[in-house]
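Since the structure comes first, as structure tokens, the remarks are kept for the end.
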Amino acid sequence: MLCASLRGALSFQFRRYSSSASIPFAHNLSLLRRFSSAPPPLAAMASNQPKDEAYLNKVIPKRVQLFESKKARQLAHLQSLSADPIKITLPDGTVKEGKKWVTSPLDVAREISKSLAANALISQVNGVLWDMARPLETDCELKLFTFDSDEGRDTFWHSSAHILGESLEQEYGCKLCIGPCTTRGEGFYYDAFYGDLGLNDDHFKKIESAAMKAVTEKQPFERIEVSKEEALEIFSDNNFKIEIINDLPVDKTITVYRCGPLVDLCRGPHIPNTSFVKAFACLKASSAYWRGNKDRESLQRVYGISYPDKKRLQEYIHQLEEAKKYDHRLVGTKQELFFCHPLRYTTAYHS
């Protein structure tokens, strides 16, 4: 009787949402998240741990102050260098004139067209990916990339991971670990340590709201180079970053990026500023181990997706919804072949 009741209830629930055409986009995204991964443990769902305000109030101002101090010193050094003329060769063979340590890829893009300057996300200088605002250092071959290129998309999603990291740190006072674009080439994630807090779909609205706040502030992505000792000083309050820094080779150039209140250890490069991200959504949250080691700290991983316009985000969510129609868990339940217990979603019970 209990199995029959559960089967009936679940069957009704799936039939209720069998047609997504009439359901608003936000509701569709909520449903997609619901079926994209197993439900979190009840303990995680019930946890509502307040953010560590003391940690934030101590760490954020210190990091920003150290970043700005080192940025000012770096800028003063660049301004002291000789601005010798350089030749910048574009993919079509056109040669532009520039000045060493002054002219940036963004300056070249503006000279070509306003549209290119408004859409170029990243550049490539002599085969090396390069921030749009970073001054050129010598004669070079220059390529510019928009979102429609692999280089542009990867950079866009990597920068979106920093926006996500900023949101997570500001909202929960967590210790950020790593935040790359995903290896499958769609979206990004950020791993962080939250203590006893377990994230789930209920947290996403707050995270997305904080992320879009960063977007509206048009925060520039700024870059500095630091020594190993300076990096250890900046991130002295984050044992995960300290471990990464200590594992770097002695001769490795260490770079740190800032966007808004977020100061993060990162090799870059990044998009010019946060305003390029017009659409942002969290997709799912899951647990992960630090460095993939089950004997290390348990982290929370938040996956996200972003686009330069809302239409493309809606199209992406629609594609995921279409793929979910062929999910055996949903198809089997709709046809009343089996049902999945809400607390053991990976286990199927035959009817």
Side-chain angles (χ1 to χ4, degrees), residues 59-90 95-111 117 120-145 151 155 158-159 162 165-166 176 217-238 241-242 244-274 276:
V59 169
I60 302 303
K62 184 202 84 170
R63 287 183 190 161
V64 170
Q65 188 275 327
L66 288 172
F67 182 94
E68 290 302 314
S69 173
K70 298 178 194 313
K71 185 183 76 171
R73 190 178 65 209
Q74 181 173 289
L75 180 60
H77 173 68
L78 289 178
Q79 291 174 341
S80 70
L81 300 175
S82 178
D84 297 332
I86 57 173
K87 294 185 181 298
I88 305 160
T89 306
L90 303 179
V95 177
K96 299 285 186 180
E97 298 291 332
K99 292 183 178 180
K100 185 187 297 187
W101 309 114
V102 175
T103 304
S104 70
L106 183 56
D107 293 326
V108 177
R110 285 172 178 153
E111 188 178 336
L121 300 174
I122 198 67
S123 69
Q124 189 180 75
V125 178
N126 290 337
V128 178
L129 289 178
W130 201 270
D131 297 287
M132 290 294 293
R134 182 180 172 187
L136 300 171
E137 300 174 1
T138 186
D139 292 342
C140 63
E141 294 182 353
L142 175 67
K143 295 180 181 179
L144 302 172
F145 300 105
E151 293 86 352
T155 303
H158 181 196
S159 299
H162 278 239
E166 176 184 332
L176 298 176
E217 291 176 357
K218 199 176 181 178
Q219 301 168 354
F221 282 90
E222 301 175 291
R223 173 187 184 273
I224 60 172
E225 295 182 3
V226 298
S227 66
K228 187 171 185 177
E229 291 72 24
E230 289 172 330
L232 291 171
E233 180 185 16
I234 294 172
F235 298 103
S236 60
D237 301 286
N238 186 321
K241 302 289 186 183
I242 291 295
I244 293 173
I245 295 167
N246 283 328
D247 287 345
L248 293 175
V250 176
D251 59 348
K252 176 74 173 178
T253 298
I254 301 176
T255 54
V256 175
Y257 279 81
R258 179 188 175 191
C259 63
L262 177 70
V263 176
D264 205 359
L265 182 72
C266 181
R267 65 182 179 181
H270 283 285
I271 62 178
N273 63 68
T274 57
F276 282 76

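Quick note: numbers below take in every heavy atom, side chains included, and nothing from hydrogens, waters or symmetry partners.
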**Worked check of side chain to side chain contact (heavy atoms under 4.5 Å, CB included) between R63 and N238** = CA-CA 11 Å; R63 287 183 190 161; N238 186 321; 3.7 Å; yes
**Which residues share a salt bridge (charged side-chain N to carboxylate O under 4.0 Å, His left out) with K218, sequence neighbours left out** = none
**Message:** Quick check for you: to the nearest 0.5 Å, what is the distance between I271 atom CD1 and I122 atom CD1?
**Reply:** 9.0 Å
**Asked** What pairs with F276 under ring-ring contact (aromatic ring centres under 6.0 Å, His included), at least two apart in sequence or on another chain?
**Response** none
**Request:** Evaluate side chain to side chain contact (heavy atoms under 4.5 Å, CB included) for D264 paired with V256, printing each intermediate quantity in order.
**Result:** CA-CA 6 Å; D264 205 359; V256 175; over 6 Å; no
**Message:** Using the salt bridge (charged side-chain N to carboxylate O under 4.0 Å, His left out) criterion, which residues pair with R267? Sequence neighbours excluded.
**Reply:** none
**Fill in**
Heavy-atom nearest pair, A109 first then M132, reads CB-CE, 4.2 Å
**Request:** Quick one: do I88 and V95 satisfy side chain to side chain contact (heavy atoms under 4.5 Å, CB included)? Show the steps, please.
**Result:** CA-CA 5 Å; I88 305 160; V95 177; over 6 Å; no
**Fill in**
CD (Q219) and NE2 (H162) are apart, to the nearest 0.5 Å, by 12.5 Å
**Request:** Keeping to residues at least two apart or across chains, list the side chain to side chain donor-acceptor pair (under 3.5 Å) pairs with something in residues 245-256.
**Result:** D247-R291
**Rounded distance [0.5 Å steps], CD1 in I60 versus CD in Q65** = 13.5 Å
**Request:** With sequence neighbours left out, write down each residue that passes ring-ring contact (aromatic ring centres under 6.0 Å, His included) with F235, or none if nothing qualifies.
**Result:** none
**Asked** Do you know which two heavy atoms are closest between I254 and K228, and how far apart they sit?
**Response** CD1-CA, 3.7 Å
**Prompt:** Is F145 close to S123 at the side-chain level, that is, under 4.5 Å between some pair of heavy atoms?
**Reply:** no
**Message:** Holding to side-chain contact (heavy atoms from CB on, under 4.5 Å), I want the full list of residues that pass it with K62, two or more places apart in sequence or in another chain.
**Reply:** L66, S236, D237
**Asked** In chain order, what residues pass the side-chain contact (heavy atoms from CB on, under 4.5 Å) check against P61, with sequence neighbours excluded?
**Response** none
Ignoring hydrogens and angles, write down the donor-acceptor pairs under 3.5 Å from the side chains of residues 75-83, residues two or more places apart or on other chains.
unit_1	atom_1	unit_2	atom_2	d
S80	OG	H77	O	2.5
S82	OG	D84	OD1	2.6

**Asked** In Å and rounded to the nearest 0.5 Å, what is the CD1 to CD distance from I86 to E97?
**Response** 9.0 Å
**Complete:** When rounded to the nearest 0.5 Å, the distance separating NZ of K99 from CG of D107 is 11.0 Å
**Fill in**
On a heavy-atom basis, the closest approach of L232 and I245 is CD2-CG2, 3.6 Å
**Message:** For R223 versus F67, what's the shortest heavy-atom pair and its separation?
**Reply:** N-CZ, 4.3 Å
List the atom pairs, with distances to 0.1 Å, where a side-chain N or O of residues 133-144 and a protein N or O form a donor-acceptor pair under 3.5 Å, not counting sequence neighbours.
unit_1	atom_1	unit_2	atom_2	d
D139	OD1	K87	N	2.8

**Request:** Give every residue pair that meets the ring-ring contact (aromatic ring centres under 6.0 Å, His included) criterion with at least one member in residues 246-269, sequence neighbours excluded.
**Result:** Y257-H270
**Request:** With sequence neighbours left out, write down each residue that passes side-chain contact (heavy atoms from CB on, under 4.5 Å) with A72, or none if nothing qualifies.
**Result:** none
**Verdict with supporting geometry, E151 and L121, side chain to side chain contact (heavy atoms under 4.5 Å, CB included)** = CA-CA 9 Å; E151 293 86 352; L121 300 174; over 6 Å; no
**Asked** Which atom names give the shortest non-hydrogen contact between T155 and P269, and what distance separates them?
**Response** CG2-O, 3.7 Å
**Prompt:** Could you give the distance from CD (E166) to CG (L262), rounded to the nearest 0.5 Å?
**Reply:** 6.0 Å
**Asked** Tell me, which pairs form a salt bridge (Lys or Arg N to Asp or Glu O under 4.0 Å) where one or both residues lie in residues 66-76, sequence neighbours left out?
**Response** E68-K71, E68-R258, K70-E230, K70-E233, K71-E222, R73-E230
